[in-house]
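For reference, positions follow the sequence shown, starting with 1.
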Amino acid sequence: MKPVTVKDLVERFSLEILAGHSELHRPITKTKAHRPGLEFVGYFEYFPQAHVQLLGRKEITYLHKLSEHERNLHIGNIVKYHPPCFVVTRNQEGLKYLTKYCEEERIPLLRTAAPTSKFQDLVDLYLSKSLAQEIAIHGVCVNVSGIGILLRGKSGVGKSETAHTLIRRGHRLVADDVVVLKKISPETLLGTHNGKTKEFLALRSIGLVNVSRLYGRKAFQDETRIVLDIELTQWKEHELNNDLELEPKFTEYMDIKIPHIEIQLQPGRDVAGLVEAAANNWYLRQQGYSAAEEFMQRLQNGND
């Protein structure tokens, strides 16, 4: 998890700084912005003080309607908890009283032209990704027809070459060599690159290629939700490889279980095609269809 500061928020969303210019180094450690409501009437029992505080039209209009004494009292009660920052939406004005308190307490006061609900969604998404638990693994991450897949295997087994074939078939590269996995929720795993390898694919005997330059911008995307973990391994001669339905296997990353498939390599096998088939088969399973179950049903009906 990389640290996030108020300055990162300012730069990411091009926010106007109204107060607290010297305090932009303040850390943000919580993922969701909070709109103070009960706090303005004096209830602080469960005040999430470590969250970004968002002031929309509802909050600012309420403050404007208060007397100067009441307004100063309510704002004073909130700023003493020293939240990371306040963000005022819709370019609302008449904020001298708020600016005064934020300057005195050295709290950044920021402003955006964006509507409140839209800005809150964007901030929550940005912080959830930025503050997510993450690990880096060796492998390749691709998006096949909208389905995020991890390709793993020993060095030299053909992961990058398989990804290259998939790209030529219209699919997308997310990361090569180093894949950063982020735990966005208890059920959601996001795959992305580490920044340094963005758009690059390393092909043995060829070297580095930039897939966006080579095949167009549609050949790359920044991130994808991981739903399949595919391991490429060498062919095992005396192993049964034609089961109708393999027992479900999973790989666990940060307590999230991802369906695992092993594809054994042999000269002449269309590995990229098998990855496509695995992706499409996973999609059908999400729709409630199983080819093996239908096949067994046909056998059973034939014996009746």
Side-chain angles (χ1 to χ4, degrees), residues 1-133 182-188:
M1 180 179 72
K2 299 178 181 178
V4 178
T5 65
V6 175
K7 182 179 180 181
D8 294 324
L9 201 67
V10 170
E11 294 176 349
R12 175 65 179 81
F13 297 103
S14 302
L15 302 179
E16 179 185 2
I17 306 171
L18 302 178
H21 291 73
S22 63
E23 298 299 314
L24 300 184
H25 62 277
R26 280 171 169 255
I28 299 174
T29 59
K30 299 298 182 180
T31 58
K32 291 187 178 295
H34 172 69
R35 297 183 66 176
L38 290 174
E39 292 79 15
F40 281 139
V41 295
Y43 186 79
F44 289 90
E45 189 70 26
Y46 299 103
F47 178 43
Q49 62 193 70
H51 293 245
V52 172
Q53 302 299 310
L54 199 58
L55 303 177
R57 182 179 291 168
K58 179 175 64 176
E59 291 80 15
I60 295 299
T61 300
Y62 171 76
L63 291 175
H64 284 344
K65 290 181 177 181
L66 297 175
S67 67
E68 183 177 355
H69 172 73
E70 290 174 323
R71 190 164 57 222
N72 291 339
L73 178 63
H74 293 322
I75 296 173
N77 285 338
I78 288 182
V79 297
K80 71 180 181 182
Y81 285 92
H82 289 88
C85 64
F86 290 95
V87 183
V88 177
T89 60
R90 294 183 176 275
N91 271 345
Q92 296 177 91
E93 299 182 345
L95 306 174
K96 287 185 179 180
Y97 55 89
L98 193 56
T99 303
K100 170 180 173 292
Y101 270 97
C102 286
E103 287 287 9
E104 289 177 354
E105 296 294 332
R106 300 169 64 116
I107 301 172
L109 175 62
L110 315 171
R111 184 163 61 183
T112 177
T116 311
S117 57
K118 180 179 179 181
F119 183 74
Q120 184 167 14
D121 289 342
L122 292 173
V123 168
D124 288 351
L125 181 61
Y126 167 71
L127 291 177
S128 67
K129 291 180 180 179
S130 300
L131 297 175
Q133 178 185 354
K182 295 189 175 188
K183 184 179 181 179
I184 303 301
S185 77
E187 298 84 25
T188 306

Do you know which two heavy atoms are closest between [X] and [Y], and how far apart they sit?
{"X": "L18", "Y": "R111", "value": "CD2-NH2, 3.7 Å"}
{"X": "P84", "Y": "V6", "value": "O-CG2, 3.6 Å"}
{"X": "K183", "Y": "P186", "value": "CE-CA, 4.1 Å"}
{"X": "P36", "Y": "L55", "value": "CG-CD2, 3.6 Å"}
{"X": "P48", "Y": "Q53", "value": "O-NE2, 3.2 Å"}
{"X": "N91", "Y": "E16", "value": "OD1-OE1, 4.5 Å"}

Is there side-chain contact between [X] and [Y], with at least one heavy-atom pair below 4.5 Å?
{"X": "L110", "Y": "I17", "value": "yes"}
{"X": "L109", "Y": "V88", "value": "yes"}
{"X": "R57", "Y": "Q92", "value": "yes"}
{"X": "H25", "Y": "T5", "value": "no"}
{"X": "V79", "Y": "F86", "value": "yes"}
{"X": "T31", "Y": "D124", "value": "no"}
{"X": "R26", "Y": "I107", "value": "yes"}
{"X": "K58", "Y": "T116", "value": "no"}

Legend entry - Mutual orientation of the aromatic rings belonging to F47 and Y81 [parallel < 30°, tilted 30-60°, perpendicular > 60°]: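 Perpendicular, since the angle between the ring planes exceeds 60°.
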
Inset, instruction - For residues 87-130, pull every pair meeting ring-ring contact (aromatic ring centres under 6.0 Å, His included), keeping only residues two or more places apart or in separate chains. - result: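 Of all non-adjacent pairs touching residues 87-130, those that pass ring-ring contact (aromatic ring centres under 6.0 Å, His included) are F13-F119, F13-Y126, H64-Y97.
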
Inset, instruction - Could you tell me the separation between the CD1 atom of I75 and the CG atom of L63, rounded to the nearest 0.5 Å? - result: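 Interatomic distance, I75 CD1 to L63 CG, rounded to 0.5 Å: 5.0 Å.
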
Inset, instruction - Give every residue pair that meets the salt bridge (Lys or Arg N to Asp or Glu O under 4.0 Å) criterion with at least one member in residues 27-38, sequence neighbours excluded. - result: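 For residues 27-38: R35-E59.
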
Inset, instruction - May I have the step-by-step check of side chain to side chain contact (heavy atoms under 4.5 Å, CB included) for L66 and F40, ending in yes or no? - result: CA-CA 11 Å; L66 297 175; F40 281 139; over 6 Å; no

Legend entry - Heavy-atom donor-acceptor pair, H82 side chain to K80 backbone, under 3.5 Å: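 Checked: pair present.
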
Legend entry - H69 atom NE2, neighbour heavy-atom count above 12 within 6.0 Å: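 Atom NE2 in H69 is not crowded, with 12 or fewer foreign heavy atoms closer than 6.0 Å.
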
